[in-house]
Protein chains: 2
Amino acid sequence: MMKPLTTKEKILETARQLFWTRGYSNVSVRDITGAAGVDAALVSRYFGGKQGLFEATLAVIPQWPALQAEPEHVIEEAVASFSHPFDRDCEEANPFTMLLANIIDPEMGDKIRDLVQTALAEPLAEKLGGDKRHDHAAMVLSTLFGMALMRKNFRLHALKDLDTEEIRARNNHLVQSALKF
Amino acid sequence: MMKPLTTKEKILETARQLFWTRGYSNVSVRDITGAAGVDAALVSRYFGGKQGLFEATLAVIPQWPALQAEPEHVIEEAVASFSHPFDRDCEEANPFTMLLANIIDPEMGDKIRDLVQTALAEPLAEKLGGDKRHDHAAMVLSTLFGMALMRKNFRLHALKDLDTEEIRARNNHLVQSALKF
DNA sequence: AGAAAATGTCAACACTTGTTGACTTAACGG
DNA sequence: CCGTTAAGTCAACAAGTGTTGACATTTTCT
């Protein structure tokens with residue numbers, strides 16, 4: 001028994017779906033409002049414009065669950081969160097996909113970079129601990145995002161049909177050796 | 001004593017610089033012709049339009065030099081080619097940057113994915129050899145692009161000030177363990 | 001020199017973009 | 001019931017997009 005979405009919520013949800021998969025500047029206000037079945041003027045009215053709408057989608061980014069885990073389980077949780085299959089060539093709107101989709105955006109690139117630094121790299125480093133925690137965090141993220149990039153964006157044939165367990169095993173193998181550096 | 005560039009060459013060179021760093025749909029025809037100091041109409045005249053101009057820039061992609069090396073040196077050459085420093089926050093137009101800048105482009109994404117598969121993954125797999133050559137190629141590319149992504153696009157602080165040798169050492173460490181899988 | 005072809009210029013087109021203001025309609029409170 | 005506020009619709013704007021055709025200029029060839 002879900003309460004039906006308000007118009008404002010419909011816009012925000014559709015915007016999240018489109019912005020996070022196609023990237024900020026590849027999505028027009030009319031793309032969003034068209035898909036949501038509402039008037040285009042409401043974006044400026046409710047969110048102060050396209051830019052405000054995008055930032056509103058960022059505000060509801062769930063915390064990376066891996067960062068909530070006990071320090072000794074952070075790695076396995078992080079690996080797990082990058083190991084589920086991507087919907088078969090269809091678009092899935094998760095925070096990591098969003099980061100990959102907006103890295104070079106001319107208007108939002110800086111905001112995205114800041115988000116990676118403050119919401120992923122720094123908390124992960126503190127969880128990992130140790131003298132080289134910042135280096136380790138960077139290399140763990142590098143490993144996980146590298147595999148995500150190959151699977152989701154470049155869609156390499158060799159990685160296409162691997163199931164969750166196989167991906168998790170490979171991610172774990174790579175991450176463990178990154179931590180041994 | 002360089003022969004001065006023809007107008008057509010000026011357009012192509014400027015287009016390569018801009019397309020490869022900002023991505024196809026983040027660059028307008030007038031951006032290019034403005035920077036090149038020529039008339040905007042010449043793009044359609046010489047290259048058949050914006051799309052044709054972009055594809056012309058892809059045609060001059062140099063072969064990945066690592067793929068020309070002897071099989072026993074392929075890995076070290078590949079690692080080396082991903083280890084030089086990125087120009088300090090200024091845009092460098094190399095083929096790998098281009099691939100990262102265009103992965104989610106709504107018009108060119110398919111072409112980029114195809115390029116990665118046929119120009120990088122498959123030749124690399126053949127050079128590596130062995131039963132798991134396709135898996136190994138995918139994981140090597142994953143490792144190298146992962147680090148490139150963290151350095152060039154996300155600009156993680158922890159990786160910012162590392163010199164070529166340090167990056168090469170880390171890339172090599174990760175790639176070697178990827179091959180041990 | 002004169003014809004022909006290449007080269008470059010200019011203005012305009014049809015279209016999409018984000019945003020705004022005026023308008024109509026619905027909901028709520030007294 | 002009426003007045004006020006919220007919610008949503010509509011048409012239009014100014015700016016930017018890729019592309020085109022007509023024109024002017026220069027170069028090339030005979």
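Proteins come first, then strands; the chains are lettered A, B, ... in the order of their sequence lines, and each starts at number 1.
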- Kindly state which residues belonging to residues 25-32 of chain A come within less than 4.0 angstrom of DNA chain C, counting heavy atoms of the residue only, listed by number. A:Val27, A:Ser28, A:Val29, A:Arg30
- Query: For DNA chain C, which residues in residues 36-45 of chain B have a heavy atom at a distance below 4.0 Å?
  - Reply: B:Asp39, B:Ala41, B:Leu42, B:Arg45
- For A:Asp163, look at atom CG and say whether over 12 heavy atoms of other residues, nucleotides or ligands are found less than 6.0 Å away. yes
- Counting only heavy atoms not in B:Glu72, do more than 12 sit closer than 6.0 Å to its CD atom? yes
- Query: Under 4.0 Å: is that the gap between some side-chain N or O of A:Thr7 and OP1 or OP2 of D:dG8?
  - Reply: yes
- Identify, with sequence neighbours excluded, every residue that meets side-chain contact (heavy atoms from CB on, under 4.5 Å) alongside A:Pro106. A:Ser25, B:Asn26
- May I ask you to decide whether B:Arg16 forms a salt bridge with B:Glu13, counting only side-chain N to carboxylate O separations under 4.0 Å? yes
- Message: Any salt bridge linking B:Asp114 with B:Lys111? Criterion: basic side-chain nitrogen under 4.0 Å from a carboxylate oxygen.
- Response: no
Contact summary for [X] and [Y], nearest pair of heavy atoms:
X        : Y        : answer
B:Ala121 : B:Ala137 : O-CB, 3.7 Å
A:Gln117 : B:His157 : OE1-N, 3.2 Å
A:Met147 : B:Ser142 : N-OG, 3.0 Å

- Quantify the bending of the helix from C:dG18-D:dC13 to C:dG30-D:dC1 as the angle between its end axes, each fitted on five pairs, to 10°. 10°
- Note on the structure: Residue pairs meeting side-chain hydrogen bond (donor to acceptor under 3.5 Å, both in side chains), one or both in residues 35-60 of chain A, sequence neighbours left out, come to A:Trp20-A:Thr57
- Query: Between which nucleotides of DNA chain C, read 5' to 3', does contact with chain A run, using atoms under 4.0 Å from its heavy atoms?
  - Reply: C:dT17 to C:dA22
- Axial cation check for A:Phe47 ring with A:Lys8, 6.0 Å and 45° limits: yes
- Message: With rounding to the nearest 0.5 angstrom, report the CE to CG distance, B:Met108 to B:Leu58.
- Response: 7.5 Å
- Where do B:Phe145 and A:Phe154 land on the ring-ring contact (aromatic ring centres under 6.0 Å, His included) test, with the steps shown first? CA-CA 11 Å; B:Phe145 270 104; A:Phe154 288 162; 5.3 Å; yes
- Task: May I ask you to say what A:Tyr46 touches in the nucleic acid, namely base, sugar-phosphate or nothing, with a heavy-atom cut-off under 4.0 Å?
- Result: sugar-phosphate
- Heavy-atom check, side chain of B:Asn102 versus side chain of B:Met98, under 4.5 Å: yes
- Message: Rounding to an integer number of Å, can you tell me how far B:Phe54 CZ sits from D:dT19 P?
- Response: 14 Å
